[in-house]
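Just so it is clear, the model here is predicted, and its values are computed rather than measured. The figures that follow rest on heavy atoms only: side chains count, while hydrogens, waters and symmetry mates do not.
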Amino acid sequence: LCLLQASRLEDLRVKLENEGLVNISYVVVNHQGAYSQKKFHLLKESVSDHITVYQQDEQQADVWTTLNGNKDDFLIYDRCGRLVYHLGLPYSFLSFQYVEEAIKIAYCENKCGNCSHTEPDIGNVCENVTKKEDEKLAGIEPEPIGQHSHHHHQLHRHRHHH
């Protein structure tokens, strides 16, 4: 995640929180390479303490390889830790709306079935979000690029146990 993407993620976090979407965990995974490790402090400074920046150790298995993804991907999980969306480039650019829409849908809809960790008071927040997102998505149907680009109608259903 480049520094610009990181600052945009911070802006998105604030926007969603202001819309009532709270208790969302955000994690940025820094690349293992030496160049990225040297820039770790800049990455950490470009986001608030509400976003965790994880520094991979050079000796460990690469997180992105383990997750079948690439360093610029967004993986969006529901409250039960199930992967709901895996967005790759170009859909992961935060200048577009795909990541925001995917977070809202994962927050408000039970795409992977019921979850025992559902927030009790999200009804009012999600009622408006779901209507707006369905209207937006009805007019946007991009062609997926590669196996890691998933959108509203190409749900990537995986069961992950944490």
Side-chain angles (χ1 to χ4, degrees), residues 1-112 115-119 122 125 129 133 142 144-152 154-162:
L1 197 69
C2 73
L3 298 178
L4 178 60
Q5 278 279 89
S7 67
R8 285 183 175 160
L9 181 60
E10 178 62 28
D11 294 343
L12 177 58
R13 183 197 67 76
V14 170
K15 177 183 180 193
L16 293 175
E17 194 170 282
N18 288 338
E19 291 177 9
L21 282 78
V22 296
N23 297 326
I24 298 175
S25 299
Y26 299 85
V27 178
V28 172
V29 178
N30 196 27
H31 190 264
Q32 283 179 301
Y35 177 79
S36 295
Q37 288 200 8
K38 288 178 187 170
K39 299 291 183 183
F40 176 75
H41 68 284
L42 293 175
L43 184 59
K44 192 134 176 67
E45 289 170 8
S46 63
V47 297
S48 71
D49 290 339
H50 298 285
I51 297 178
T52 301
V53 180
Y54 176 71
Q55 177 60 65
Q56 298 187 74
D57 186 276
E58 285 185 83
Q59 308 308 315
Q60 78 181 83
D62 177 51
V63 168
W64 293 114
T65 302
T66 303
L67 297 173
N68 295 314
N70 297 303
K71 73 174 190 69
D72 293 311
D73 291 358
F74 273 83
L75 282 76
I76 299 169
Y77 295 86
D78 68 9
R79 289 176 180 84
C80 283
R82 300 173 298 197
L83 181 63
V84 180
Y85 288 98
H86 183 164
L87 299 171
L89 293 174
Y91 303 108
S92 59
F93 285 126
L94 290 173
S95 52
F96 300 135
Q97 297 295 309
Y98 301 111
V99 172
E100 178 179 348
E101 291 169 4
I103 290 171
K104 288 178 177 180
I105 290 167
Y107 190 91
C108 291
E109 297 181 17
N110 294 323
K111 287 290 180 191
C112 296
C115 177
S116 60
H117 300 293
T118 300
E119 296 285 322
I122 63 169
V125 171
V129 165
E133 296 312 311
I145 299 173
Q147 64 177 343
H148 298 301
S149 298
H150 297 276
H151 193 61
H152 183 64
Q154 287 110 15
L155 183 61
H156 197 167
R157 294 175 189 260
H158 285 271
R159 301 282 189 242
H160 289 272
H161 302 284
H162 298 280

Rounded to the nearest 0.5 angstrom, the CZ-OG distance for R79 and S25 is 10.5 Å
Interatomic distance, OG@S92 vs NE2@H86, rounded to 0.5 Å, equals 8.5 Å
So CG of L9 and CD1 of I51: to nearest 0.5 Å the spacing works out to 4.0 Å
Open item on the list: Let's go through Q32 and Q60 carefully: what are the C-alpha distance in whole Å and the side-chain angles of both, what is the deciding distance for side-chain contact (heavy atoms from CB on, under 4.5 Å) to 0.1 Å, and is it a yes or a no?
Closed with: CA-CA 9 Å; Q32 283 179 301; Q60 78 181 83; 3.9 Å; yes
request  = Tell me, with the steps shown, if Y26 and L12 meet side-chain contact (heavy atoms from CB on, under 4.5 Å).
outcome  = CA-CA 11 Å; Y26 299 85; L12 177 58; 5.5 Å; no
- Are K71 and S36 close enough that some pair of their side-chain heavy atoms sits under 4.5 Å apart? no
Heavy-atom nearest pair, Y54 first then F40, reads C-CE1, 4.4 Å
For Y77 and L75, the nearest pair of non-hydrogen atoms, with its separation, is OH-CD2, 3.4 Å
In this structure, CH2 of W64 is separated from CD of Q56 (nearest 0.5 Å) by 8.5 Å
d(E58 CD, H31 NE2) to nearest 0.5 Å is 10.0 Å
**Asked** Counting heavy atoms not belonging to D49, are there more than 12 under 6.0 Å from its CG?
**Response** no
The reported gap from CG in N70 to OG1 in T65 (rounded to nearest 0.5 angstrom) is 8.5 Å
All heavy atoms of C2 vs all of L43, minimum pair found to be O-CD1, 4.4 Å
message: With a 4.5 Å cut-off on side-chain heavy atoms, are D73 and L87 touching?
response: no
Problem set entry | N-O pairing of K104 and E101 below 4.0 Å | no
- prompt: Stepwise, does the side-chain contact (heavy atoms from CB on, under 4.5 Å) test hold for C108 with I105?
  reply: CA-CA 5 Å; C108 291; I105 290 167; over 6 Å; no
What one should report as the nearest heavy-atom pair of L21 and V125 is CD1-CG1, 3.5 Å
Heavy-atom closest pair (F96 atom, P90 atom, distance to 0.1 Å) is CD1-O, 3.4 Å
*asked:* Whether the Q37 and N30 side chains hold a donor-acceptor pair (N or O, under 3.5 Å, no angle test) is what I'd like checked.
replied: no
Inset, instruction - Return yes if some donor-acceptor pair links the side-chain N/O of Y107 with the main-chain N/O of V22 below 3.5 Å, else return no. - result: yes
Would you call L94 and F74 a side-chain contact if the rule is heavy atoms closer than 4.5 Å?
yes
